[in-house]
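Quick notes on the structure that follows.
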Amino acid sequence: MAGESAHAIDLTGVMVEASLQPADYLIVAPVVIPILFGALHLMLRNRSVNHGAMAIIGMGLLVLATFGLLQRVMDTGPVTMTMGRWLPPFGISFSVDTAGALLAFTSAVIALGGAVYATATATALEARYGFFPFFMLMMAGVSGAFLTGDIFNLYVWFEVLLISSFGMIVLGSDQRQLDGTMKYAFLNLVATTMFLVATGLLYGMLGTLNMADIWQKLNGAEEVRGPVMTIATLYFLAFAMKAAAFPLNFWLPASYHTPKYLVSALFAGLLTKVGVYALLRVSLMLFADQREMLALFIAWVAALTMLIGVLGALAQREVRRVLGYLVISGIGTMLAGLAIGTQTAIAGVLVYAVHSMIVMAALYLAAGIMARLSGTADMAGSGGLYAASPMLAGAFLILAFSVSGLPPTSGFWGKFVLVKSALEVGAWWLAFVILLSGLLTTVAIFRVWIFAFWRGGPEGTPDGAEAWTINPLGEKFRLHASLTLGVLTLMTLGLGLAPETLLSAAADGARGLLYPLSYIGSAFGGVGQ
Amino acid sequence: MIIEVVAGILVIVGAFFALVAAVGLIRLPDVYSRMHAASKAGTVGSGLMMIALAVISADGSTAIRALAGLLFFILTAPIAAHLLARAAYKVGYPLWSGSVADEMSLHDPAEK
Amino acid sequence: MDTTAFLELAIQIAMVLLTLSFFITCYRVVVGPTLPDRVMALDMLVGVVIGFIAVVGVKTGYYLYVDIAIALGLVGFLATVAFARFVLERGMSEGDRETGERNVGERKAGAK
Amino acid sequence: MNILLINLLLMLAWGAMTGSFSEINLFFGFVLGFFAIWLIREQLGTGGYFGRATRILLLFLLFLKELALSAFRVALLVLQPKMKTSPGIFAFPLTVDRDFEIALLANLITLTPGTLSVDVSTDRKFLYVHAIDCSDIEGAKADIAQGFERRILEAFR
Amino acid sequence: MNTVIFRTAAPYLTALMVVFSIFILLRGHNDPGGGFIGGLIAASAFAIYGIANGVAPVRRALYFHPITLAGFGLFLAALAGIPSLFAGVPFLTGLWTFPRVFGVELALSTPMVFDIGVYFVVVGAITAIALTLEERHES
Amino acid sequence: MIDVNPTIFFLLSPFLAALLSPPLVRLMGASAAWLLALVPAAIFVQLASYVPQVAEGEAFTMGLSWAPSLGVNLSYYLDGLSLVFALLISGIGTLIILYAGGYLKGHKEHGRFIGFLFLFMGSMIGVVTADNLIALFIYWELTSITSFLLIGFDHDRMASRRAAIQALVVTGGGGLALLAGVVVLNLATGMNELSLILNSGDTLRESPFYLLIFWLVVAGAFTKSAQFPFHFWLPNAMEAPTPVSAYLHSATMVKAGVYLLMRMNPVLGDTPIWETILPVFGTATLLVGTLLAVRQTDLKLMLAYTTVASLGLLVMLTGFGSEKAVEAAVYYLFAHALFKGALFMVAGLIDHESGTRDICKLGGLRKAMPITFAAAALAALSMAGLPPFVGFMAKEEIYAAIAKGDAWPAAITVLTVIGNALMLVIAAAVAILPFLGKPVETPKHAHEGPPLLWIGPLTLATIGLASAILSGTTNHFVISPMSSAVAGSEVHAHAAIALHLGLPLLLSVVTIALGVLLYWQLPKLRFAMARSLRNIGWGPDHGFDQFMSGLVTLSASITRIIQNGRLEGYMTTVFLVFGVAIWFSLYNYGELPDLPQFVAPTFYEAGIIMLALLGLAAVIYAHDRLTAIVSLGIQGFSVAVIFILFGAPDLAFTQFMVETLSVVILALVMTRLTLDKTDHRPFGEKSFDITVASIAGSGFAVLMLAVLQVPFDPRLSEFFSAYSRVVAHGRNIVNVIIVDFRGLDTLGEIAVVMIAGLGIIALIRIKGRQPRSEAEG
Amino acid sequence: MEVYLALLVGCFFIVSIYLLLSKYVIRILLGVAILGNAVNLLIFTSGRLTREVPPIIPEALQVPAEVTANPLPQALILTAIVISFSFFAFLLVLGYRSFQDLNTDDTDNMRFAEPVDQPPPPQGY
Ligand code: NA
Ligand code: NA
């Protein structure tokens with residue numbers, strides 16, 4: 001009955017004609033599932049429903065869907081669903097390649113962990129005032145951003161995840177949160193608005209919004225007259241700001257240490273990476289030539305971001321603020337890969353992105369447990385955690401090695417590939433900065449280790465320092481937190497010990513980003529064509 | 001066509017009243033007096049222009065909607081003026097010094 | 001004179017008058033001097049816009065603009081209500097008290 | 001009774017707005033009107049309405065006349081080269097005492113020449129009216145009492 | 001606001017505007033309007049109702065918490081994309097049916113359901129905002 | 001391609017043992033050590049089975065595929081060099097596991113400790129046996145990590161923590177240089193496997209990358225092997241429990257650097273820079289190490305500094321690279337692993353039993369601890385370079401190499417003699433002072449330790465004697481194959497205890513004489529060293545503290561400037577960046593628009609535009625914020641009217657509603673705020689803001705003009721117009737786009753609306769608080 | 001006409017950015033509101049202008065009879081307006097809450113997340 005009409009109209013080249021299989025809905029499921037669940041959460045907000053369990057189910061489905069999607073993309077290459085049957089470039093389509101699916105899957109896994117953690121930590125008040133809907137819709141935004149093939153639609157998903165993140169970051173409204181949210185919100189709004197401005201101008205120039213179509217126009221036979229370079233620059237800056245690259249990174253250190261630890265973890269794990277992904281998608285696929293011209297500039301931004309980030313981390317007392325700056329430093333590392341721009345480098349960026357998502361989320365969760373145990377976020381004011389919680393210490397240690405880029409963790413592979421690619425193109429200094437920032441990261445994170453974990457113990461400290469008080473953890477919290485943290489930690493370790501799957505997926509993703517012909521083909525072929 | 005003439009006249013008269021209201025806004029001495037201009041001349045002005053639209057459309061449903069809209073303005077304009085004048089008075093915005101009476105201050109000394 | 005041409009002319013005249021009204025009303029919004037003055041002027045501005053929409057409707061023959069006018073009347077009303085309640089809750093602002101007294105003088109000066 | 005009337009009015013309003021008075025559309029309008037009334041059910045009292053249509057219509061015509069006159073007077077006033085005004089607020093003693101009537105009267109007063117309802121006293125005995133020309137307060141009061149207020153009483157009592 | 005004039009008129013205005021908003025919603029597919037504008041009008045109506053008569057009557061009138069309505073709207077809108085799954089077409093494909101009821105041809109479609117979802121979201125969210133802010137004043 | 005071989009399992013087995021250690025120790029207590037020691041013993045035995053073939057010059061490769069897409073494999077290469085190293089590591093490892101079993105008996109974290117030791121053992125075996133360079137680097141970093149954990153084992157003490165992070169920073173940092181070196185090596189040769197690269201020395205030396213590779217590899221090796229000026233971390237690492245010192249910091253880990261240099265000798269050696277840098281730094285390290293050792297009274301520190309010195313000696317010899325020098329280096333390495341491991345264990349044993357390691361507080365233990373004394377004496381004699389110990393043979397080989405004129409004669413010779421003499425002094429001090437003389441009261445009442453503790457040192461010391469006596473066997477199975485591997489060509493070692501008449505013997509005699517003389521003057525010497533160190537005042541160790549503290553301070557200052565906490569500053573930077581970038585790009589890439597043509601608009605269009613401008617001006621000039629809010633309405637309505645004039649009724653509709661609602665909620669919210677009347681800001685600040693705003697704003701306008709000069713492609717809009725009604729059944733094209741063509745955008749959009757509503761409710765309803773307690777997490 | 005609107009858009013941007021650079025939350029919010037309008041006008045103009053003909057197909061026709069205004073930017077702006085309104089509302093209430101709890105609308109004085117007197121990072125080990 002669809003599309004039936006009294007008039008006989010030739011729809012060839014307008015609508016997808018062939019029918020599609022239910023399995024093709026995997027392409028859109030990562031967005032629809034969290035939207036439906038988020039709406040359900042809201043509809044049932046006053047019911048005595050177990051919101052945590054619902055969230056776990058929702059995120060579990062999300063993981064399954066993204067996993068299925070990743071499998072499919074790795075098997076068959078990029079897949080596309082044209083919403084409403086309107087063929088590109090007229091309708092909106094989701095075009096998924098390995099890069100997008102890989103990141104969507106990783107974020108779904110982290111989100112599932114987050115849901116498990118939240119089940120033990122979200123208060124009744126937080127559940128009532130929208131923690132779970134925020135969380136769900138944020139995931140819809142994240143997934144949408146990874147999957148969409150339409151530049152304006154990308155903007156919409158950015159906004160969805162942004163407003164949800166506002167809700168999450170300010171939930172609880174303590175004074176620090178309010179101040180942090182002010183800065184987070186205004187600056188992020190500016191960034192997203194710049195993205196929209198660039199998109200409006202791009203539309204004015206090319207008359208299209210579908211990314212595959214944009215690619216065709218920009219890489220077509222006819223040379224595009226118009227300010228392509230400037231628009232590319234605008235996109236670059238807007239996404240660099242979303243990703244928290246220097247000198248547009250202010251919002252991150254100003255806010256990431258203020259909300260619930262879980263929220264920080266999700267933000268650090270997911271949000272900046274969406275910016276990185278958008279940067280990759282836009283600057284590698286759409287503006288490949290322009291990226292080439294901007295490469296040196298990007299390299300400078302990358303180097304400064306790495307160094308400013310890690311120096312910032314060294315300047316902190318609060319564990320979460322250390323981590324916030326390490327997130328920035330990691331962004332710089334990924335930007336370095338973008339500056340290099342070879343297939344190896346982009347694969348390195350993807351590996352590093354997946355690694356960073358897992359590790360930063362896990363580190364923030366670990367910081368949350370640390371804060372609960374020692375009753376303070378100040379590393380100078382805590383200690384004795386090594387004795388108090390060997391499991392936490394072990395997890396933190398592995399994560400610390402991982403964030404420093406040391407083997408045998410996932411962090412090593414990302415850095416290694418990036419260093420390799422930098423040296424391959426002769427960017428000695430960039431390789432040096434990557435390595436130097438790695439070393440300084442080691443110092444920064446192990447300062448935390450030394451102060452909070454190794455220093456002293458409750459049973460007496462030869463240094464003459466006081467013994468640290470350790471607060472007991474609730475049984476439920478301990479279970480959920482160690483489950484989440486444990487799984488994430490094992491993931492970084494597992495990816496370090498058995499990296500080949502990730503490496504080859506990343507290589508595939510990089511190939512797709514740099515040589516998007518199959519993406520383009522899929523976009524215009526559509527599912528079921 | 002007669003409709004066009006009627007519409008033309010309505011449009012001009014309506015716009016004239018709008019202008020009158022605007023001038024009244026400038027010339028009248030205090031906020032209370034200015035409200036007279038805004039609520040009466042303003043409503044009549046825009047109302048006439050809506051009627052012009054109703055007339056020219058020569059379409060029943062459009063005309064009825066235009067008139068319904070007019071009714072809506074007539075309903076809301078006085079309430080808006082009342083609320084604003086009342087609020088201004090209650091919080092102490094003074095009448096123009098040339099005002100000749102203020103029986104409200106005698107009866108209801110600015111209560112909240 | 002052709003009636004269509006007359007309508008055209010009428011519309012042109014109305015546009016001129018309305019444009020003038022816009023500016024005059026805006027003048028009141030900008031100079032105040034008091035908050036109720038500005039609010040009232042904003043309310044008036046909505047009225048002028050409604051008229052403008054009606055005239056555009058007449059001019060272009062797109063009568064669908066009538067619904068916009070209705071909705072605008074509604075939200076304009078809402079804005080005025082909100083400001084009235086704002087004035088009521090907040091009382092006179094510091095600045096208004098000064099300007100009010102300087103310009104208008106004692107409130108009951110003319111009261112009998 | 002009252003509720004049904006309002007409901008029918010809303011139905012007609014629907015028909016007017018959609019521009020279609022087909023049965024199905026009116027029925028839908030009735031349902032919508034029912035819903036809309038349901039929303040404000042608390043504010044609805046009871047009362048009779050039939051037989052007053054004529055008087056209401058008269059009231060409405062009077063009002064239209066006054067409104068036109070009013071706009072014209074404002075025009076005259078503001079377009080005078082030298083404005084002579086003696087504004088002020090007077091207290092109009094109310095005879096009507098039902099909410100609906102007070103509201104109607106106040107609105108009618110606002111839309112008519114030279115007067116603007118500012119407030120109703122807390123004891124609801126007075127309506128405070130701002131007048132552009134306050135030179136003859138008693139006359140103005142009498143005008144209102146004999147004009148709108150009387151017609152309202154006729155129409156709704 | 002404690003004024004008899006406003007308090008008396010506001011409910012009628014509200015009812016009128018809600019009806020108008022639904023009209024705007026339903027005709028949106030063919031003329032200016034649609035779920036978003038309709039929703040805004042309805043929300044404005046409830047805001048006026050709330051300012052005039054207090055928040056409690058509005059809440060009682062709506063029965064459901066407005067934000068719940070918004071959730072329902074989003075649910076409905078997302079759900080409107082799902083039937084296409086069973087039709088073997090992509091997400092959010094418009095499905096139309098033209099039944100005749102009492103001799104009038106009705107155009108029912110998933111885009112209409114979608115637009116109704118939009119309407120509910122906007123009504124719910126904006127009303128929730130307005131009422132919450134307004135409640136703040138009353139307390 | 002890759003040979004999967006059971007030996008791989010043996011090489012990886014320590015990691016498994018590491019996982020098993022904690023539960024096993026919890027289950028069985030200290031006696032678990034006997035069981036666990038079987039693991040390294042098994043490795044030793046398995047590896048030993050390769051010895052005969054390797055001695056015949058064969059080499060073995062084997063491995064597993066790991067990350068093939070990066071060319072990283074878990075591949076192994078067993079030749080003379082790696083095999084001897086691996087045998088030392090597993091052999092000494094066996095003894096150390098036993099020793100650790102006794103040493104930490106009853107310690108709360110005993111199991112964890114042994115686990116760490118196993119982790120280290122696995123990593124170290126990996127370093128020396130890895131064929132794949134990346135794998136080598138990974139193992140290399142793993143040794144740094146595990147040694148960090150072991151040094152910091154007594155984490156309650158600040159000195160331990162400091163030493164641990166110091167070691168991590170220095171060796172980890174050097175490791176990163178090595179990583180770069182390894183990658184560049186791969187770039188230069190296209191190979192990752194050592195077994196292949198070893199044949200490409202000539203191309204490599206010609207390669208433009210040579211110098212870079214050299215420095216990167218040397219940086220890795222020097223930091224790891226504590227070469228001057230990176231020597232400071234090693235003595236500090238003595239904060240670790242003694243089994244660690246004995247294992248890591250004498251026998252194995254610190255030799256990883258030496259291993260690397262030896263490994264690379266065939267490909268990187270034989271160049272002027274190699275033969276300059278290595279001997280210079282090696283000699284300097286030898287001297288610094290021995291001089292600093294003299295100054296110490298702590299047994300472990302004395303040994304540690306001599307370890308530094310020995311490493312210097314090894315690097316120096318490797319640098320010479322001649323056949324003889326290589327042979328000497330190999331001999332010395334072998335000897336050193338045996339005697340130093342033994343002496344460290346002795347030191348630990350003394351400490352364990354008597355409660356102190358300070359030689360000034362020790363004396364006359366020979367009766368109480370006879371076995372220990374025996375082990376100490378045997379090892380010390382080897383260290384002192386006296387016959388008939390393997391240490392003596394090593395020293396003879398060194399002097400032989402020097403005497404052969406392979407080295408720069410005079411200076412190096414003199415320095416080496418001095419160094420060796422001082423080494424003798426320390427050996428004597430370690431073996432004599434605690435045991436001979438009058439018994440001294442010690443914190444604990446000393447008596448002989450349990451077998452777990454003395455088996456190790458005694459075994460090693462005995463082997464030191466045995467391998468010298470059986471020098472033929474040693475030469476055939478150990479020294480020759482290893483030397484061949486290092487030299488890159490076949491070397492036949494002939495060393496024997498028999499005295500070489502000639503210069504080497506003379507030098508030995510001088511060394512011994514000098515040593516005895518210095519030992520006699522030891523207290524004076526120590527005092528002099530202490531005084532001159534005080535006079536120098538600054539050393540790299542102190543420098544490390546300054547570096548760390550300076551790094552933190554510098555970071556804090558930079559961060560305070562950049563992240564200054566002021567939203568205004570952040571915003572200003574952001575817009576400045578955007579504005580400058582746009583103008584720069586427009587200008588630099590020739591994208592500035594042509595001068596536009598101004599066609600007169602209709603008067604009411606002009607009027608509305610002016611009205612919008614007026615509204616904007618009104619917002620800016622508003623003397624307070626309320627006026628600004630009311631004025632906001634003007635520009636909003638103007639925009640709506642513009643939408644009407646250009647055929648966008650839906651937009652106008654929405655714009656009116658939204659603009660009004662914005663003003664309404666602004667007013668609702670503002671009701672409760674009492675704000676400063678105006679925002680006074682100095683003129684300078686305002687004009688700066690205006691400048692920034694103008695740069696950015698005008699940039700957008702000009703960019704837009706440039707866009708508008710491109711011919712527009714209306715394909716999409718034409719499509720929508722054509723199909724809106726016929727397919728999507730809607731006449732309002734905009735609405736059809738919203739609910740059908742681009743319905744997904746709308747789905748996201750309403751999600752935003754809903755969330756905004758929810759967020760606002762949460763904001764208002766949740767009562768504000770002081771910062772939440774961290775216990776809430 | 002596009003040229004004039006482009007220049008107007010520039011003015012919108014200048015004013016909006018100027019307000020965003022202010023210290024005071026309310027003024028920043030005004031900047032946000034104007035920024036939204038600036039962007040909407042930008043998109044609107046980028047899709048090129050057509051006078052007075054809305055993209056609505058007359059009842060009697062299947063496709064528009066004449067060239068209509070470009071509907072796509074209108075749809076995009078509609079989405080953008082709604083989104084920017086939602087953000088504006090949220091930010092407004094956020095500012096309000098901040099004012100209540102932090103007792104200032106001067107962002108320079110809102111130093112709770114990044115306090116002025118942050119203690120220096122710990123030294124030592
Ligand atoms: Na400034
Ligand atoms: Na400023």
Side-chain angles (χ1 to χ4, degrees), chain B residues 1-2 4-5 7-9 11-12 14-16 18-19 21-23 25-26 29-31 34-35 38 42-43 45-46 49-50 52-54 56-57 59 62 65-66 68-69 72-73 76-77 79-81 83-88 90-102 105 112, chain C residues 3-4 6-7 9-11 13-18 20-22 24-25 27-28 34 36-37 39-41 43-44 47-48 50-51 54-55 57-58 61 63 65-67 69-70 73-74 76-77 80-81 83-85 87-88 90-92 96-97 100-101 104-112:
Chain B
M1 286 216 298
I2 186 71
E4 290 182 332
V5 176
I9 291 171
V11 161
I12 293 180
F16 168 74
L19 183 64
V23 173
L25 233 52
I26 300 296
D30 66 356
V31 65
R34 288 175 201 137
M35 260 173 225
T43 307
S46 47
M49 289 180 272
M50 288 286 280
L53 188 62
I56 195 89
S57 73
D59 165 34
T62 306
R65 286 215 300 283
F72 191 81
F73 305 149
T76 55
I79 298 178
L83 291 174
L84 196 57
R86 174 174 179 269
K90 292 230 161 182
V91 302
Y93 283 101
L95 290 157
W96 176 48
S97 53
S99 298
V100 297
D102 186 3
S105 70
K112 261 209 168 174
Chain C
T3 53
T4 311
F6 169 73
L7 185 61
L9 180 69
I11 289 168
I13 293 171
M15 287 285 205
V16 173
L17 296 179
L18 286 174
L20 276 177
S21 311
F22 269 133
I24 297 173
T25 314
Y27 170 79
R28 185 51 82 196
T34 67
D37 276 307
V39 175
M40 184 193 55
D43 190 44
M44 173 75 196
V48 179
I50 289 173
V55 175
V58 172
Y63 309 125
Y65 286 113
V66 66
D67 297 308
I70 297 175
L74 164 66
F77 175 60
T80 311
V81 168
F83 274 116
R85 94 126 338 103
V87 170
L88 197 61
R90 272 295 293 274
M92 244 167 71
D96 281 1
R97 190 161 287 133
E101 277 161 14
V104 187
E106 180 61 26
R107 170 198 243 188
K108 285 160 202 153
K112 281 180 187 167

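Chain identifiers are assigned alphabetically (A, B, ...) following the order of the sequence lines, protein sequences preceding nucleic acid strands; residue numbering begins at 1 within each chain. Remember, predicted model here, so these are calculated numbers, not experimental data.
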Indicate the atoms forming the closest heavy-atom contact of [X] with [Y], along with that distance.
X: A14(C); Y: V11(B); answer: CB-CG1, 3.1 Å
X: A15(B); Y: L18(C); answer: CB-CG, 4.1 Å
X: V5(B); Y: F6(C); answer: O-CE2, 3.5 Å
X: M44(C); Y: A22(B); answer: CE-N, 3.7 Å
X: A87(B); Y: A84(C); answer: CB-O, 3.3 Å
X: I70(C); Y: R65(B); answer: CD1-O, 3.4 Å

Counting heavy-atom pairs under 4.5 Å to chain B, which of [options] comes out on top?
options: G61(C), G57(C), G51(C), A69(C); result: G51(C)
options: V48(C), D67(C), V81(C); result: D67(C)
options: I11(C), V16(C), L74(C), L20(C); result: L74(C)

How long is the straight-line distance from [atom2] of [Y] back to [atom1] of [X], given to the nearest 0.5 Å?
X: M49(B); Y: L17(C); atom1: CE; atom2: CG; value: 9.0 Å
X: L53(B); Y: Y63(C); atom1: CG; atom2: OH; value: 7.5 Å
X: F77(C); Y: T76(B); atom1: CZ; atom2: OG1; value: 6.0 Å
X: R34(B); Y: D37(C); atom1: CZ; atom2: CG; value: 4.0 Å

Who are the side-chain contact (heavy atoms from CB on, under 4.5 Å) partners of I12(B), not counting sequence neighbours?
->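 A10(C), I13(C).
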
D43(C): side-chain contact (heavy atoms from CB on, under 4.5 Å) partners, not counting sequence neighbours =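 Per chain and number, D43(C) pairs via side-chain contact (heavy atoms from CB on, under 4.5 Å) with A80(B), T80(C).
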
Any side-chain heavy atom of I24(C) sitting closer than 4.5 Å to one from L19(B)?
->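 A side-chain contact exists here, since the closest heavy-atom pair is under 4.5 Å.
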
For Y27(C), is it the side chain, the backbone, both or neither that has a heavy atom under 4.5 Å from a heavy atom of chain B?
->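 Contact with chain B involves the side chain of Y27(C) alone.
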
Picking from I26(B), V23(B), L83(B), which has the most non-hydrogen pairs under 4.5 angstrom with chain C?
->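 Ranked by contacts with chain C, first place is I26(B).
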
Option that, when pairs with chain C are counted at under 4.5 Å, heavy atom only, ranks first among M35(B), M50(B), E4(B) |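 Counting heavy-atom pairs under 4.5 Å, the top option is E4(B).
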
Toward chain C, the part of F73(B) with a non-hydrogen atom under 4.5 Å |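 Side chain of F73(B) only, per the 4.5 Å heavy-atom cut-off to chain C.
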
